[in-house]
Amino acid sequence: MSSKKMGRPPSDKPKSKTIEIRVDEEIMSKLDASAEQLKTTRSDIVRKGIEKVYDELQK
């Protein structure tokens with residue numbers, strides 16, 4: 001039997017930080033609809049939003 005570890009390989013950018021936000025039902029519905037349409041996660045949508053705002057501020 002192989003001695004290799006099973007599972008996911010280590011990430012180049014591990015996501016070790018967490019944030020918690022409060023949103024109303026409308027924002028949560030928009031977040032869920034966006035994630036479903038893009039076939040991704042809520043977290044990924046939030047990350048993309050942060051990147052988009054940051055990029056706009058750098059212009």
With ILVMFWY side chains joined below 4.5 Å, transitively, what does Leu57's cluster contain besides itself? Val53
According to salt bridge (Lys or Arg N to Asp or Glu O under 4.0 Å), who are the partners of Glu56, at least two apart in sequence or on a separate chain? Lys59
What's the separation between atom CD1 in Ile45 and atom OG1 in Thr40, rounded to the nearest 0.5 Å? 5.5 Å
Supply the atom-to-atom distance Lys39 NZ to Asp44 CG, rounded to the nearest 0.5 angstrom. 14.0 Å
Contact list for residues 20-34, test side-chain hydrogen bond (donor to acceptor under 3.5 Å, both in side chains), sequence neighbours left out: Glu26-Lys30, Asp32-Arg42
Hits for side chain to side chain contact (heavy atoms under 4.5 Å, CB included) against Val23, two or more places apart or cross-chain, chain-then-number order -> Ile21, Ile27, Met28
